[in-house]
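Accompanying notes for the structure given below.
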Amino acid sequence: DLTEVSLDDDLDNERFSTVALRTPSLPPSTPDPNSAASRSTWRNSLATASSGNAPTQVSPSARDSRRMTMASIPPLRTASTSNFDFALARLNLQREAQQSDPSVRRASLHGHLRLKEGFDKLHEEQEKLEEHEEIDWDFWGEVMADYELVARTRAKELSEAIQKGIPAALRGTIWQLMSASKDMNLEQVYAELLKDSSPHEKSIMRDLGRTFPNHEYFQDVQGIGQENLFNVVKAYSLYDPEVGYCQGMPFVVAALLLNMPDEEAFCVLVRLMKSYDLRGHFLPEMPGLQLRLFQFDRLVEELLPLLHQHFVRQGVKSSMYCSQWFLTLFSYRFPLDMVFRIFDIIFATGIEAIFGFALVLLEKNEDVLLSLKFDQILDYMKTGLFDTYKIYESPVSPSERRPTRYRADAFVQDAFQVKVSPFMLDTYAAEYEDLVRQQNKHLVEMDTLRNVNRHLSSQVKKLESSLAQLNTEHCDLVKQFVMVKLEKEEMESELVKYKMLYAETMLANEDARSSSRISSLSKRSR
């Protein structure tokens, strides 16, 4: 299902939404775009949409040549790659799936109308304010009216607008629009789930205070912020029992709650988990996170070879610093204004955007990281990564403390220019599947050997038990034999005594007879 498709990495179109424009009702009745079958159909649709050419199989020698070419490129940032055709192919697939179910389409249209009403209301409220954010209401109104049409006809303009940052007043609405998460049925499900209790409530409560503890919305233990955070995370643990609750989830939910009500945040969370494949990060064994960490390691190896070698020598693994980034979508310890900008791009382009942000942070700090040792690298990953994007301002007075600001536009633009193509990710995913397959094969062999060993151990135990029983019986027989032998010896001893008595008796009788004969002869002689 990971067919290698020939993709042009130098197209002018910007990367764009890889997410469906409709939201399925519960339970989901449309094909999962992340399933193996859908992904295969998606790749074929992409190949047709791109140039009309059939998918090209890449030989191992060609792949090695491409790898050497990528590794030989010193700078990480190049002309941005294009996911536009890739996105349109997925949108086409989603549209076909949704058209097959009228109820899904009706629910999606209803959700879109609700978002449009909220957008219009917000526009009216903003116009009444004396001071309000500069927003291009005409452009974002067109996006709200028909997101798919703008995505198809004005891709570059929409991409540039998202890179500059979605207006804060519209961010929650646009996130819902791009993720197609507005679903009244799902909001009703959320309301019902709030009435139930979750087995994870104790763990959730323990982590609430650790989530954005310095943000005023979440500081009050009894406040609305922590209450909504608890409700959304608890509801999802009931909605998806296989995932349940996992540390890191509250940070994603908190970023959503700062931009929308709790019922809408729940719907967006469900959409992130299912359509954006974030669910694989939180499943038992975290298969999605393991795959993305492997892909990230390969990207670092290809695009930042010196840093990769340094990390290998120092024993630094991506799981030591990158797991938190991917698990929380960079919301853990990252500046909040940066987090929102990252979420903008993720909602617009897909979960693959996390690679660009992670890579550009390493590239910007490569010189510093190359000079550090193991412990220093891990400490720097926690505290110093964003210094390169920090805006240094001199305070007017010594007592003045200005909030730290960052060059968010530069950060997003740098990440958007990182050369990460779907071909590269699919190649690494295929490598990972081969690796997992080999590991599973080894595990199967080990399980087989364990089962054989367990069976042999059981037989040994049975034989040992039988041997012990035989030894017991043998001991009993030996005791019996010894007793019989003793009895025989006693009987032989008694028999000897009897024989001696008999001999003595016979001798006495013989003596008596002899005496008698002698007496008789004496009498006769007289």
Side-chain angles (χ1 to χ4, degrees), residues 19-20 23-30 32 104 107-108 110-111 114-115 118 171-173 175-212 215 217-218 220-284 286 288 327-329 331-332 339 343 346-347 351:
V19 188
T23 305
S25 300
L26 295 177
S29 58
T30 59
D32 185 358
V104 173
S108 176
H110 182 60
R114 291 291 300 272
L115 285 176
R171 180 164 276 130
T173 302
W175 284 359
Q176 294 179 73
L177 178 68
M178 291 191 294
S179 62
S181 63
K182 190 65 176 179
D183 189 333
M184 302 304 298
N185 294 331
L186 191 54
E187 291 182 8
Q188 293 177 3
V189 170
Y190 169 70
E192 292 298 322
L193 291 174
L194 292 182
K195 302 175 183 178
D196 300 329
S197 60
S198 169
H200 304 283
E201 289 185 7
K202 186 175 180 180
S203 299
I204 297 172
M205 289 294 296
R206 184 173 60 248
D207 292 337
L208 289 183
R210 307 171 186 172
T211 307
F212 293 158
H215 196 285
Y217 186 68
F218 299 105
D220 188 357
V221 177
Q222 304 296 329
I224 188 65
Q226 288 205 18
E227 179 183 353
N228 288 340
L229 182 59
F230 173 80
N231 287 339
V232 174
V233 177
K234 183 199 81 168
Y236 189 83
S237 71
L238 294 170
Y239 175 80
D240 190 351
E242 187 178 5
V243 170
Y245 172 71
C246 180
Q247 283 187 336
M249 194 182 297
F251 285 93
V252 178
V253 176
L256 300 177
L257 287 173
L258 292 173
N259 293 278
M260 63 191 72
D262 59 321
E263 67 275 6
E264 294 178 351
F266 174 78
C267 296
V268 174
L269 178 63
V270 171
R271 194 64 168 166
L272 278 172
M273 292 290 188
K274 291 187 175 181
S275 295
Y276 289 78
D277 198 26
L278 189 62
R279 186 171 184 266
H281 290 196
F282 298 99
L283 282 170
M286 298 181 173
L327 200 62
T328 65
L329 300 183
S331 57
Y332 180 71
V339 172
F343 272 60
I346 289 175
F347 279 112
I351 195 69

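Position 1 is the first residue of the sequence; numbering continues from there.
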First locate atom OH of Tyr217, then atom CG of Leu229, and finally report the distance between them rounded to the nearest 0.5 Å.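 If we round to the nearest 0.5 Å, Tyr217:OH and Leu229:CG are 9.0 Å apart.
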Might you point out which heavy atoms bring [X] and [Y] nearest each other, and give the distance in Å?
X      : Y      : answer
Leu329 : Phe343 : O-CE1, 3.5 Å
Ser237 : Tyr245 : CB-N, 4.3 Å
Phe282 : Met249 : CE2-N, 3.7 Å
Val243 : Tyr236 : CG1-CE2, 4.1 Å
Phe251 : Ser331 : CB-OG, 3.1 Å
His281 : Gly288 : CD2-C, 3.8 Å

Which residue pairs pass the salt bridge (Lys or Arg N to Asp or Glu O under 4.0 Å) test with at least one member in residues 222-240, sequence neighbours excluded?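 Those involving residues 222-240 are Asp240-Arg279.
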Please list all pairs meeting salt bridge (Lys or Arg N to Asp or Glu O under 4.0 Å) that have one or both residues in residues 196-208, counting only residues at least two apart or in different chains.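 Counting only pairs at least two positions apart or across chains, the salt bridge (Lys or Arg N to Asp or Glu O under 4.0 Å) contacts touching residues 196-208 are Asp207-Arg210.
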Side-chain heavy-atom pair [X], [Y] within 4.5 angstrom cut-off:
X      : Y      : answer
Val189 : Tyr239 : yes
Glu242 : Leu283 : yes
Ile204 : Leu208 : yes
Met178 : Trp175 : yes

Is a donor on one side and an acceptor on the other found under 3.5 Å between the side chain of Arg271 and the backbone of Ser179? yes
Just distance, no hydrogens or angles: give the donor-acceptor pairs under 3.5 Å from side chains in residues 256-269, sequence neighbours left out.
residue	atom	partner	partner atom	Å
Asn259	ND2	Ala255	O	2.9
Asp262	OD2	Tyr190	OH	2.7
Glu264	OE1	Gln176	NE2	2.8
Glu264	OE2	Lys182	NZ	2.9

